[in-house]
Amino acid sequence: MEIRPILSTLRRHKTAAALIVLQVAVTCAIICNAVFLIAERTEAISRPTGIDEAGIVRIQLTGIGQDVNPMAVTREDLAALRAIPGVIQAASVNQVPLVNSSWNTSVTTAPDQVLPTLSTTMYMGGPELFETLGLQLAAGRALTEDEFDDYDEDEGFRGITPSAAVVTRSFVERAFPGSDGIGKVFYFSEDPIRVVGVVDTLVRPNPKSWAGEADHSVLLPVAVPYTMGGNYLIRTTPERRAEVLEAAVRVLKENGGSRIILEQQTYGEIRRDYYAQDRSMAWLLAAVIVALLVVTALGIVGLASFWVQQRTKQIGVRRALGASRGQILRYFQTENFILATIGIVIGMLLAFGLNQLLMERYELARLPLVYLPVGALALWLLGQFAVYWPARRAAMVPPAVATRSV
C-alpha cells in the first residue's frame with residue numbers, strides 16, 4: 001500500500017490528526033512513567049527481609065512507671081514465652097525490620113578515618129536473637145554466648161562496646177570490597193569490632209528511607225531489656241502463629257501487670273502495614289493507566305468513525321475501482337499506525353522530560369529505556385484494536401454508494 005495518499009489525507013485533516021497525535025503522546029509519557037513507578041513499588045513490596053516472616057509474631061509493650069531491674073524482668077518474660085507449646089525461640093530486640101523506628105550509626109574501617117565508609121543500622125538482642133529471626137549464615141559463624149553483654153541503660157549508646165558482630169553481605173561489599181568480610185575490623189568510634197559472621201540479607205527497619213543502603217545491617221551481641229524498644233519476637237510454625245500469639249499475650253500479662261500491650265501482630269501484618277501506601281499507590285497508578293488507555297481508545301474510535309463517515313464517497317469510489325475490503329481495512333490501520341508512531345516518538349521525549357521533573361522533585365530514579373518500547377507496543381496494539389471496528393465498517397461500504405452519491 002502506498003503511504004502518499006494517506007499522508008495527503010492527513011494533511012487535509014491536520015487538526016483532527018494533531019489531536020490524536022497529542023493524545024497518544026501524553027498517554028505514552030504518563031504510561032511509561034506510571035509503569036516504572038508501579039514496578040518500583042512492586043519491587044519494594046516484595047523486598048525480602050532475610051528473616052523467617054512466615055513463623056514470626058511480634059508483641060510490643062511498654063511499662064507503667066519504672067522497673068527496678070528491667071533486664072531481670074525481660075529474662076523472666078523470655079523464659080515464660082519459650083515454655084509456650086509451639087514456640088521455637090523468643091527474643092527481646094531493640095528494633096524490628098519494617099517498623100520505621102531504627103538505630104543507625106556511621107561506620108569507618110580505620111580508627112582515625114574522618115569520613116564514614118557507610119551508614120548501618122544496629123540490631124541488638126541476646127544469644128537467642130539469631131535463631132528467633134531465622135537468619136542463615138552465608139559465611140563465618142554466629143555470635144557465641146561469651147561475646148554477649150547486657151545493655152547499660154545508664155551509659156546508653158556510649159556504653160555499646162561489642163568486640164564482634166554479624167553483618168550483611170551488602171555491608172561487607174561496601175566496607176570490604178573483594179573480601180568475604182570474615183575477620184575484618186570496623187569502627188563505630190574508637191573501639192574495633194571484628195566481623196565473625198555474614199548473612200545474605202537483613203533489612204533496616206525503614207528500608208524505603210535508605211536507597212542503596214537498605215540492607216546495611218549489623219547484629220551486635222548486646223542483650224537488651226524490654227524497655228529498649230519494647231519488642232518481643234516469637235518464632236513458631238506458620239500454622240500456630242495465632243495460637244502462640246494469643247498465649248504469649250496472656251503470659252506477659254500474667255508476668256507483669258504494670259505493662260501495656262501496644263501491638264500484637266504476625267509478621268505478615270507488619271509487612272502489610274508498612275507497605276500499605278505503596279500498595280495503594282500502585283493500584284492508583286494502575287487505574288490511571290487503564291483510564292488513559294480507555295480515553296485514548298475512545299478518541300481513536302471516534303476519529304476513525306468520523307473519518308469513515310466523511311469519506312464514504314471516497315471509499316465507495318475505491319471499491320468501484322476494484323479495491324478489496326482487505327485493502328480498505330489496511331488503509332485505515334496504516335493511517336492509525338502512522339499517527340500512533342508520531343505520537344509515540346513525541347511521547348518518549350515527554351516521558352524523559354516528566355521523569356527528569358520527578359527526579360528533581362521527588363528523588364525518583366532515572367527511567368530505564370526498557371519501559372519505552374513497552375509503552376510503544378501497548379499504544380500500537382491499542383491503536384490497531386481501537387481502529388479495527390471503524391475500519392471494518394469502512395471496508396463494508398459497497399461500491400454502489402459512489403454511484404448514489406454522485
Side-chain angles (χ1 to χ4, degrees), residues 46-58 78 81-82 87-99 102-105 107 109 117-151 160-188 191-205 207 210 212-224 231-238 267 270-271:
S46 59
R47 180 197 300 275
T49 58
I51 68 175
D52 179 20
E53 295 187 27
I56 291 177
V57 297
R58 173 207 183 203
L78 292 177
L81 291 173
R82 293 187 194 107
V87 171
I88 298 172
Q89 190 55 274
S92 174
V93 62
N94 65 315
Q95 59 183 5
V96 180
L98 308 186
V99 293
S102 62
W103 293 48
N104 303 302
T105 188
V107 170
T109 53
T117 303
L118 57 88
S119 172
T120 188
T121 194
M122 301 179 294
Y123 287 96
M124 295 184 289
E128 64 281 346
L129 180 59
F130 194 91
E131 183 182 2
T132 302
L133 292 175
L135 297 172
Q136 299 294 321
L137 283 169
R141 61 172 176 83
L143 297 163
T144 57
E145 289 197 23
D146 62 313
E147 292 171 325
F148 281 82
D149 290 316
D150 290 346
Y151 182 82
I160 301 175
T161 56
S163 60
V166 172
V167 302
T168 56
R169 188 181 296 279
S170 69
F171 180 103
V172 171
E173 291 172 351
R174 181 71 171 272
F176 313 110
S179 166
D180 65 1
I182 303 302
K184 297 293 184 179
V185 173
F186 63 92
Y187 299 81
F188 288 157
D191 301 308
I193 302 174
R194 189 173 301 278
V195 176
V196 298
V198 178
V199 295
D200 281 324
T201 304
L202 178 58
V203 300
R204 292 176 181 264
W210 295 90
E213 297 185 330
D215 202 30
H216 289 356
S217 302
V218 175
L219 193 64
L220 299 175
V222 181
V224 295
N231 295 298
Y232 282 136
L233 294 183
I234 307 164
R235 187 179 175 200
T236 181
T237 52
Y267 203 86
I270 292 175
R271 174 178 281 276

In terms of heavy-atom contacts, Y151 and V224 come closest through CB-CG1, 4.0 Å
How would you list, by chain and number, every residue that makes a side-chain contact (heavy atoms from CB on, under 4.5 Å) with P192, sequence neighbours excluded? V185, Y187
Is there side-chain contact between R271 and T49, with at least one heavy-atom pair below 4.5 Å? yes
Is there a side-chain contact between V96 and Y267 (heavy atoms, below 4.5 Å)? yes
Hey, can you pull the donor-acceptor pairs under 3.5 Å for the side chains in residues 135-144, sequence neighbours left out?
unit_1	atom_1	unit_2	atom_2	d
R141	NH1	E147	OE1	3.2
R141	NH2	E147	OE2	2.7
T144	OG1	D146	OD1	2.5
T144	OG1	E147	OE1	3.2

Test side-chain hydrogen bond (donor to acceptor under 3.5 Å, both in side chains), reference Q95, set N231, N104, T121, output is T121
With the side chain counted from C-beta on, respond yes when M124 and V93 share a heavy-atom pair under 4.5 Å apart, and no when they do not. no
Is the closest side-chain heavy-atom distance between L78 and Y232 below 4.5 Å? yes
Would you call R235 and E131 a salt bridge, taking side-chain N to carboxylate O under 4.0 Å as the test? no
Do I51 and I56 touch side chain to side chain, with heavy atoms closer than 4.5 Å? yes
Quick one: pull up CE in M122 and CG in L219 and give me the separation to the nearest 0.5 Å. 12.0 Å
Would you mind reporting whether T132 and L233 have side-chain heavy atoms less than 4.5 Å apart? yes
Do P205 and W103 have side chains that approach each other closer than 4.5 Å (heavy atoms only, starting at C-beta)? no
What heavy-atom pair brings T168 and T201 nearest, and what distance separates the two atoms? CG2-C, 4.2 Å
With a 6.0 Å cut-off on the ring centroids, do F176 and F186 count as close? no
List the steps and the verdict of side-chain contact (heavy atoms from CB on, under 4.5 Å) for V99 and R58. CA-CA 11 Å; V99 293; R58 173 207 183 203; 3.8 Å; yes
Ignoring hydrogens, what is the shortest heavy-atom contact between L220 and F148? Give both atom names and the distance. O-CE2, 4.4 Å
Value rounded to 0.5 Å, distance of CZ in F171 from OG in S217: 9.5 Å
Give a yes or no answer on whether the side chain of D180 reaches the backbone of R169 with a donor-acceptor pair at less than 3.5 Å. no
Within the structure provided, determine whether S179 and K184 are in side-chain contact (heavy-atom separation under 4.5 Å). yes
OG1/T117 to NE2/H216 distance, rounded to the nearest 0.5 angstrom? 10.0 Å
D215 and R204 ion-paired at < 4.0 Å: no
Nearest-0.5 Å distance, CG of residue L81 to CD of residue Q89: 10.0 Å
Heavy-atom pair of closest approach, residues V218 and A165: CG1-CB, 3.7 Å
So which heavy atom on R47 is nearest to which on P207, and how close? NE-CB, 4.0 Å
Grab the two heavy atoms, one from V203 and one from P97, that are nearest each other, plus how far apart they are. CG2-CB, 3.9 Å
